[in-house]
Amino acid sequence: LVLQQQQLVLQQQQLVLQQQQLVPQQAVPQYRLRHLDPQYLQYEPQPPIHQPPAHAAQHPVQPHAIVQPDIQQTYQELMDDVKEGRYDKVISYLRNNPQKPEAYDLMQEVWWEAIYGKASHARGRELNSVDRCRLRKKNTPPPTIFDR
């Protein structure tokens, strides 16, 4: 009887091990493992610091590089509104309408142009670098165009 119980326990342990091997391991980004497992960096080396991140090539800021016409059209309409001085309209549109992740870079560009234009118009002069830095700290992009 004891021998049969031991065999059952061994069979159960073998089944558990087989199931663990069948379950695919989820890919965990490297930046999340740095504080959890220092040994991980020995197996997966980090890219050199001077290289741009991989996602930078996927989402260029240049409007002509975007192939999706709806994003390009929205970008162009919003930039036209900024140039014509309708800053509040652009800002409220970007705050209230969620955008696709591939449009985040362009919409953030429009956001900053609207914020800078509104402040420049209110002050009656061009903004300097200190003014722009203070505006960036005070007016972060809304979650509709920025994944935090």
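All of these numbers come straight from a predicted model, not from anything done at the bench. The chain is numbered in sequence order, starting from 1.
Using modelled atom types, one side-chain atom of Trp111 and one backbone atom of Asn139 make a donor-acceptor pair closer than 3.5 Å. Under the 3.5 Å distance criterion, the side-chain polar atoms of Glu113 are left unmatched by any main-chain donor or acceptor of Val82. Under a 3.5 Å cut-off, the side chain of Ser120 and the backbone N or O of Tyr116 do not form any donor-acceptor pair. Without hydrogens or angle criteria, Glu77 side chain to Tyr75 main chain gives no donor-acceptor distance under 3.5 Å. Proximity of a side-chain donor or acceptor of Thr144 to a complementary backbone N or O of Asn96 within less than 3.5 Å is not detected.
Taking the side chain to side chain contact (heavy atoms under 4.5 Å, CB included) definition, one finds that Arg134 meets it with Val130, sequence neighbours left out. Considering only residues two or more places apart in sequence or on other chains, Asp80 meets the salt bridge (charged side-chain N to carboxylate O under 4.0 Å, His left out) condition with none of them. Contacts of Arg86 classified as side-chain hydrogen bond (donor to acceptor under 3.5 Å, both in side chains), with partners at least two apart in sequence or in another chain: Asp81, Glu84. Remark: Gln7 pairs with Leu3 by the side chain to side chain contact (heavy atoms under 4.5 Å, CB included) rule, at least two apart or across chains. Residues passing the side-chain hydrogen bond (donor to acceptor under 3.5 Å, both in side chains) test with Tyr93, sequence neighbours excluded: none.
Put simply, CD1 on Ile145 and OG1 on Thr140 are 9.5 Å apart, with the number rounded to the nearest 0.5 Å. Between atom OH of residue Tyr104 and atom CD of residue Gln99 there is a gap of 8.5 Å, rounded to the nearest 0.5 Å. Taken from CE in Met79 to CG in Leu106, the straight-line distance is 9.5 Å, to the nearest 0.5 Å. Between Ile91 atom CD1 and Leu78 atom CG the span is 11.0 Å, to the nearest 0.5 Å. The structure places CD1 of Ile71 at 4.5 Å from CD of Glu102, a figure rounded to the nearest 0.5 Å.
The shortest side-chain heavy-atom distance between Gln5 and Leu8 does not fall under the 4.5 Å cut-off. At least one side-chain heavy atom of Asp70 sits under 4.5 Å from a side-chain heavy atom of Lys100. The closest side-chain heavy-atom distance from Thr74 to Gln72 is not below 4.5 Å.
Judged as a salt bridge (Lys or Arg N to Asp or Glu O under 4.0 Å), the pairs with a partner in residues 121-133 (not counting sequence neighbours) are, in order, Arg123-Asp131, Arg125-Asp131.
Across all their heavy atoms, Phe146 and Pro141 have their closest contact at CB-CB, 4.0 Å.
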*Mind running side chain to side chain contact (heavy atoms under 4.5 Å, CB included) on Arg136 and Cys133 for me, showing each step along the way?*
CA-CA 5 Å; Arg136 283 193 299 272; Cys133 180; 3.8 Å; yes

